[in-house]
Amino acid sequence: MNTHRFHHESHGNHPMSFVGFVLALGGFAMAALWLVHMAVGNVGTAIVCGLLMVAAFATAVSIFFSLGHRHHHSPVLPDNTPNETERYLRKYRG
């Protein structure tokens, strides 16, 4: 029986990193829509898109800062446990 397929490898990323990333992408999308609606002359829609852009970027930045400063976890680089580091060194570095 192959026990390797039952072994779980942690990727080391915090789940809120993904939420911050999606919010940052949404902020860029809202920035594009804000620019397009300003160019066309839809002021009301442009204001809504601008507010959504600011909210998305502000929330993403607060998530990233919270992860970095409060939880001491990098939002971009994975943190590995000592067991994962030891297993990696044993498996790949001999």
Side-chain angles (χ1 to χ4, degrees):
M1 182 172 176
N2 186 2
T3 60
H4 179 66
R5 66 183 184 146
F6 296 113
H7 179 71
H8 174 70
E9 292 272 343
S10 173
H11 54 74
N13 291 327
H14 196 279
M16 288 304 288
S17 297
F18 179 73
V19 173
F21 174 71
V22 170
L23 283 170
L25 288 179
F28 284 115
M30 287 297 113
L33 289 174
W34 169 72
L35 184 64
V36 167
H37 286 293
M38 283 297 288
V40 172
N42 298 333
V43 178
T45 309
I47 290 172
V48 170
C49 288
L51 291 174
L52 288 173
M53 172 191 65
V54 169
F57 281 140
T59 307
V61 166
S62 69
I63 287 172
F64 290 153
F65 273 112
S66 174
L67 285 174
H69 293 289
R70 188 176 304 154
H71 299 293
H72 305 290
H73 195 293
S74 172
V76 208
L77 301 174
D79 290 340
N80 295 319
T81 64
N83 290 339
E84 291 170 335
T85 303
E86 190 272 327
R87 185 173 55 245
Y88 169 79
L89 290 174
R90 185 174 15 97
K91 185 174 181 178
Y92 294 107
R93 302 291 181 192

**Report entry** Other residues, nucleotides, ligands: >12 heavy atoms within 6.0 Å of F57 CZ
**Finding:** yes

Closest heavy-atom pair and its distance - [X], [Y]:
{"X": "G26", "Y": "A56", "value": "C-CB, 4.5 Å"}
{"X": "F64", "Y": "F21", "value": "CZ-N, 3.8 Å"}
{"X": "G27", "Y": "M53", "value": "O-CG, 3.5 Å"}
{"X": "I63", "Y": "M16", "value": "CG2-O, 3.5 Å"}
{"X": "A60", "Y": "G20", "value": "CB-O, 3.5 Å"}

**Report entry** Single-linkage hydrophobic cluster V61~V54, side-chain heavy atoms < 4.5 angstrom
**Finding:** no

Report task. State plainly whether one hydrophobic cluster holds both V43 and L51, where clusters connect Ile, Leu, Val, Met, Phe, Trp and Tyr through side-chain heavy atoms under 4.5 angstrom apart. Result -> yes

Interatomic spacing from [atom1] in [X] to [atom2] in [Y] - rounded to 0.5 Å:
{"X": "I47", "Y": "M38", "atom1": "CD1", "atom2": "CE", "result": "8.0 Å"}
{"X": "R87", "Y": "Y92", "atom1": "CZ", "atom2": "OH", "result": "9.5 Å"}
{"X": "N42", "Y": "W34", "atom1": "CG", "atom2": "CH2", "result": "14.0 Å"}

Query raised in the report: Residues two or more places apart in sequence or in another chain: which of them pass salt bridge (charged side-chain N to carboxylate O under 4.0 Å, His left out) with R93?
Result: none

